[in-house]
Amino acid sequence: MLYSEIINISKLIGMIVKIAYNEKGYEMKTILVVEDDFEIASLIKEYLERNGYRAIWSSTGFEALEDIELYEIDLVVLDIMMADLDGFGFLERLRLSKNTPVIIVSARITIEDKVRGFELGADDYITKPFSLVELKTRIAYHLRRGNPNDEKTDADHLCFEGGLEYFPMIKKFTLKGERLNLTSKEIDIIDLMIKNEGRVLSKKEIYETVWAEQDMEGNNTITVHIKSIREKLKEDLKEPKYIETVWGKGYRFIGVKQYEN
């Protein structure tokens, strides 16, 4: 039997399993593992399944793009170095239409690679070799942040001058009625700033609060995320409406609240 036929049969079985679980009322989160190394992919997939997740394996970037449309994916574990379409290319295409949380797991450990991953919309970055326990913990953390596709009430929200609205219960931001394509980390950063409106937050404070880990010297992660957020908010850097840079200190939220429901 051809390798491609085995993969297709595996996916068909996966779809049947999904239906069975749904009929029994199970609520299993589905994780897409994008990894071209069979042994690493099997290790991650089996570990996640033992811990109550449903895991789907894609061996290439293009295959992962197909699986994203085929399955209801709650989170992606993404390798970078793949032959046809690498992890960066997959992530760039994914972010054109979806906010699905993405955790990069890669042997590429340079600051440049990490910055590029975050710039393209990754929510987290783990370097190989890695701990399966740590990976599971980070997956659980990002899933707790809430899936932007979840159907929940959006009755309670904040409105700011300039057309920005925030729905905290479902972690959703809109600008002039259009939903903003923010990553979960970007949402967490703005949420933190809104909760501390008017107060200057240092890059270190933002990083250690949102990422729940110690900041390191030379870490450019917050600068990259703030730049991305400002672009999506269509901010005028000379006259910002929402995020102000306090040179040498950090950032603060300056949005003028119109009303709160």
Side-chain angles (χ1 to χ4, degrees), residues 1-19 21 28-49 53-110 112-130 132 135-136 138-139 142-143 147-149 179 181-186 224 228 231-232:
M1 184 178 292
L2 295 176
Y3 174 78
S4 59
E5 293 177 339
I6 295 174
I7 294 296
N8 289 333
I9 292 173
S10 174
K11 288 181 177 179
L12 179 59
I13 294 172
M15 293 176 70
I16 295 171
V17 170
K18 176 181 178 182
I19 295 172
Y21 272 113
M28 296 182 69
K29 295 294 185 181
T30 301
I31 312 300
L32 178 63
V33 180
V34 188
E35 170 64 65
D36 63 351
D37 187 303
F38 175 77
E39 291 186 3
I40 294 176
S42 297
L43 191 68
I44 295 174
K45 185 175 184 295
E46 291 171 8
Y47 183 80
L48 292 177
E49 289 173 343
Y53 294 103
R54 177 170 178 250
I56 306 297
W57 174 42
S58 298
S59 60
T60 71
F62 286 118
E63 186 181 343
L65 290 174
E66 294 178 357
D67 288 341
I68 279 287
E69 299 303 323
L70 183 59
Y71 303 101
E72 294 181 9
I73 302 299
D74 295 293
L75 184 142
V76 178
V77 174
L78 177 66
D79 183 29
I80 293 177
M81 295 183 288
M82 292 180 288
D84 59 349
L85 178 68
D86 69 8
F88 290 139
F90 165 80
L91 183 55
E92 187 172 19
R93 297 190 187 195
L94 175 71
R95 286 293 177 247
L96 293 175
S97 60
K98 295 183 183 295
N99 286 328
T100 309
V102 174
I103 299 176
I104 292 176
V105 179
S106 175
R108 295 172 67 162
I109 62 174
T110 67
E112 290 76 15
D113 285 322
K114 293 180 181 180
V115 168
R116 187 181 179 194
F118 287 127
E119 283 182 330
L120 290 173
D123 297 282
D124 213 337
Y125 199 113
I126 300 175
T127 56
K128 296 177 181 177
F130 62 97
L132 286 170
L135 177 61
K136 183 187 72 169
R138 292 185 185 236
I139 287 173
H142 288 292
L143 291 175
N147 190 326
N149 297 319
R179 184 167 191 158
N181 189 26
L182 298 165
T183 68
S184 63
K185 279 289 192 283
E186 290 171 347
V224 170
S228 175
E231 290 175 352
K232 294 174 181 180

Looking at [X] and [Y], what are the two nearest heavy atoms and their distance?
X: Met82; Y: Gly87; result: CE-N, 3.7 Å
X: Ser58; Y: Ala64; result: OG-CA, 3.4 Å
X: Leu135; Y: Val77; result: CD1-CG2, 4.3 Å
X: Leu75; Y: Ile73; result: O-CG2, 3.3 Å
X: Asp113; Y: Thr110; result: OD2-OG1, 2.9 Å
X: Ile104; Y: Gly117; result: CD1-CA, 3.9 Å

Please examine the side chains of [Y] and [X], heavy atoms only from C-beta on, and report whether any two atoms are closer than 4.5 Å.
X: Leu48; Y: Ile139; answer: yes
X: Lys128; Y: Val105; answer: yes
X: Leu85; Y: Leu65; answer: yes
X: Asp79; Y: Val34; answer: no
X: Phe130; Y: Arg138; answer: no
X: Leu132; Y: Ile44; answer: yes
X: Glu63; Y: Asp84; answer: no
X: Leu32; Y: Tyr71; answer: no

Heavy-atom donor-acceptor pair, [X] side chain to [Y] backbone, under 3.5 Å:
X: Arg95; Y: Gly121; result: yes
X: Asp67; Y: Leu70; result: no
X: Trp57; Y: Ser42; result: no
X: Asp123; Y: Ile103; result: no

Mind checking the [atom1]-[atom2] spacing from [X] to [Y]? Nearest 0.5 Å is all I need.
X: Glu49; Y: Arg54; atom1: CD; atom2: CZ; result: 9.5 Å
X: Arg108; Y: Thr127; atom1: CZ; atom2: OG1; result: 13.5 Å
X: Lys114; Y: Ile80; atom1: NZ; atom2: CD1; result: 10.5 Å
X: Ile126; Y: Leu78; atom1: CD1; atom2: CG; result: 11.5 Å

Exactly one candidate in Asp124, Asp74, Thr183 meets side-chain hydrogen bond (donor to acceptor under 3.5 Å, both in side chains) with His142; the answer is Asp124
Give the intermediate values and the outcome of side chain to side chain contact (heavy atoms under 4.5 Å, CB included) for residues Glu186 and Phe118. CA-CA 10 Å; Glu186 290 171 347; Phe118 287 127; over 6 Å; no
Check the surroundings of atom CD in Glu119: do more than 12 heavy atoms from other residues, nucleotides or ligands lie under 6.0 Å from it? yes
Give the intermediate values and the outcome of side chain to side chain contact (heavy atoms under 4.5 Å, CB included) for residues Tyr53 and Leu143. CA-CA 11 Å; Tyr53 294 103; Leu143 291 175; 3.5 Å; yes
Chi angles and distances behind the side chain to side chain contact (heavy atoms under 4.5 Å, CB included) call for Phe90, Thr60: CA-CA 9 Å; Phe90 165 80; Thr60 71; over 6 Å; no
Walk me through whether Ile68 and Val76 qualify under side chain to side chain contact (heavy atoms under 4.5 Å, CB included). CA-CA 9 Å; Ile68 279 287; Val76 178; 4.0 Å; yes
Ion pair check, Arg116 and Glu112, cut-off under 4.0 Å: no
